[in-house]
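One-based numbering, in listed order, for ligands and for the atoms of each.
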Amino acid sequence: MDQSTLPPHVLIFPLPLQGPVNSMFKLAELLCLSGFHITFLVTDHIHTRLLKYSNIQSRFERYPGFQLETISDGLPEDHPRSGNGLMEMFDSLKTKNKILFKDLLTSGKLNLDSRRPVTCIIADGIMGYTCDVANDVGIPIIFVRTISACCLWVFFCLPKLIESGELPFSVDNDLDTPIKSIPGMESFFRRRDLPSFCRSGNLWDPSLQLYLPESTENPRAYGLIINTFDDLEGPILAQIRTLCPNLYTIGPLHSHLKYKLSVDSSSPLTSSNSLWKEDTSCITWLDSQPSKSVIYVSFGSLAVMTKEQYMEFWYGLVNSGSRFLWVIRPDSVTNNSSEIPLELSEGTKERGYIVEWAPQEEVLAHNAVGGFLTHSGWNSTLESVIEGVPMICWPYFLDQQVNSRFVGEVWKLGLDMKDTCDRLIIEKTVRELMDGRKDEFMNRADQMKKLAKQCLSEGGSSYCNLERLIKDIKDM
Ligand code: UDP
């Protein structure tokens with residue numbers, strides 16, 4: 001077969017975590033719609049969970065050019081790849097996965113007659129070693145980032161923060177001290193808004209060391225795909241372009257795919273890339289709640305909280321008088337053993353609903369949902385923005401501290417509650433978002449939702465950037 005007549009063959013390798021895997025499946029499907037051949041590479045751990053809980057197998061059956069491939073992350077199956085165990089995963093990827101990744105690309109295993117050898121790699125930019133491998137084997141690589149541009153820019157500026165003496169600082173020092181050496185953020189950014197690892201007071205902190213090379217690692221790739229849209233992060237994207245001129249901002253990816261599916265075909269719109277079993281009974285519960293009356297509470301797939309924090313949230317939610325839908329993953333509360341006070345279970349019975357994992361996109365799109373108490377993970381933030389749902393932010397770690405500052409102070413899409421966890425504050429903040437300042441936040445959220453939708457429709461920035469990405473990959 002004359003292989004030059006075949007479509008491009010793209011290998012997509014997401015960071016093995018729920019958020020990145022989810023959004024990379026959306027990108028994979030967008031590229032499948034353009035007729036590309038895709039090899040989607042996931043770790044064994046992710047693969048097992050996907051087969052158990054998601055509908056990827058049936059969903060991708062209609063794309064004959066799609067294939068799923070697996071690789072080890074080098075960790076034992078029972079390793080907790082969340083909370084504090086996350087850094088071990090990054091270490092293991094860098095040391096063990098690098099070799100396996102190169103073996104896979106040179107083994108010939110991916111070279112079937114019916115498809116070209118891999119013509120382009122799209123890998124998460126935090127796995128910088130994939131660029132070394134791509135260079136070794138002579139395949140062009142495009143990095144993808146599933147975090148916000150504002151957080152990526154903070155990562156890029158870490159060396160500057162150290163040079164200027166703004167890092168390290170001791171945790172006993174005032175966290176409200178302004179940060180001045182991040183261009184574009186001088187007027188509103190504080191120590192407490194930096195990624196959580198900056199609080200360690202230690203330049204050798206493993207997370208800081210992981211993110212420190214970002215400003216030199218990312219520009220090594222042919223280009224950088226970011227899951228964001230220009231109307232949301234334009235000024236920060238201009239800063240990033242000074243180091244990475246070839247940016248493809250094609251987000252919000254999940255809505256981009258929905259939009260393309262609705263325009264291009266009559267395909268069903270529901271897609272699940274979940275690593276947990278979705279409890280859809282919460283949708284039935286939402287169906288019986290009044291419009292915009294429910295605050296949806298979820299802290300994503302990785303955040304954990306102490307029993308004390310859990311109790312403060314529960315009291316705060318019940319005492320706020322608002323209806324609430326709360327996702328509590330089985331592993332999300334540490335040392336969670338004792339009995340639940342009666343007033344909480346009674347209050348929840350009346351106005352609340354708790355599930356272990358929700359179909360979040362569907363929940364946020366539901367008419368009954370009027371607010372989102374979130375850990376400010378980037379996917380959750382974008383999913384909220386596109387549905388016009390105002391947020392209360394309680395960031396847990398990494399990029400979430402940055403995102404929540406932008407939500408509260410720059411985009412004015414909600415309230416940033418970072419570094420507090422007190423039942424009275426939670427109660428007051430929920431009342432403010434769901435009642436006192438409801439119209440103000442709803443209007444802002446509505447405006448941003450409109451801008452996001454415009455970016456995705458024909459001629460919009462995300463729409464055009466995806467076209468350009470497709471053309472550039474074809475030309476490779
Ligand atoms: N999510 C979900 N159901 C839940 C909670 C989360 O489907 O009950 C999804 C959510 O839609 C998002 C992802 O999990 O796509 C979480 O990604 P995010 O970047 O927000 O946070 P992370 O889990 O990486 O901290």
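- Among protein heavy atoms, atom 25 (O) of ligand 1 sits closest to His375 NE2, 2.9 Å.
- Residue contact check: Gly19 has heavy atoms under 4.0 Å from atoms 17 (O) of ligand 1.
- Between Gln18 and ligand 1, a contact under 3.5 Å exists for no N or O pair.
- Using a cut-off of 4.0 Å between Lys/Arg side-chain N and Asp/Glu carboxylate O, Arg199 and Asp419 are scored as salt-bridged.
- Annotation: Glu383 places an N or O atom under 3.5 Å from an N or O atom of ligand 1; distance criterion only.
- Between the side chain of Thr228 and the backbone N or O of Ser148, no donor-acceptor pair lies under 3.5 Å.
- Here the closest non-hydrogen pair linking Phe13 and Met127 is O-CE, 3.4 Å.
- Given atom 23 (O) of ligand 1, the protein heavy atom at minimum distance is Ser301 OG, 2.4 Å.
- Nearest non-hydrogen protein atom to atom 3 (N) of ligand 1 is Ala358 O, 2.6 Å.
- Looking at His254 against ligand 1, nothing comes within 4.0 Å, counting heavy atoms.
- Ring pair Phe188/Phe406: centre-to-centre distance below 6.0 Å.
- Take Trp326 and apply the side chain to side chain donor-acceptor pair (under 3.5 Å) test, not counting sequence neighbours, and it matches no residue.
- Those atoms of ligand 1 that come under 4.0 Å of a heavy atom in Gly377, given as number and element, are 18 (P), 19 (O), 20 (O), 21 (O).
- At a 4.0 Å cut-off, not a single heavy atom of Trp326 sits close enough to ligand 1 to count as contact.
- Of the listed options Ser380, Pro20, Ser298, Ser380 places a heavy atom closest to atom 16 (C) of ligand 1.
- Both the backbone and the side chain of Trp357 come within 4.0 Å of ligand 1, counting heavy atoms alone.
- Each of the following atoms of ligand 1 lies closer than 4.0 Å to a heavy atom of Gly300: 23 (O).
- The protein heavy-atom contact nearest to atom 19 (O) of ligand 1 is Asn379 ND2, 2.9 Å.
- Inclusion of Glu361 in the set of residues having an N or O under 3.5 Å from an N or O of ligand 1 is not warranted.
- Although no hydrogens or angles enter the test, the distance criterion places a donor-acceptor pair under 3.5 Å between the side chain of Thr348 and the main chain of Leu344.
- Residue Glu278 has no N or O atom closer than 3.5 Å to an N or O atom of ligand 1.
- Summarising the local packing, NZ of Lys438 is surrounded by more than 12 heavy atoms from other residues, nucleotides or ligands at distances under 6.0 Å.
- In this structure a side-chain-to-backbone donor-acceptor pair under 3.5 Å is present from Asn465 to Thr249.
- Atoms of ligand 1 found under 4.0 Å from any heavy atom of Trp378, numbered from 1 in the order shown, are 19 (O).
- Judged by a 6.0 Å distance limit and a 45° cone about the ring axis, Arg49 is positioned over the six-membered ring of Trp276.
- Between Tyr211 and Phe197, the ring centre distance stays below 6.0 Å.
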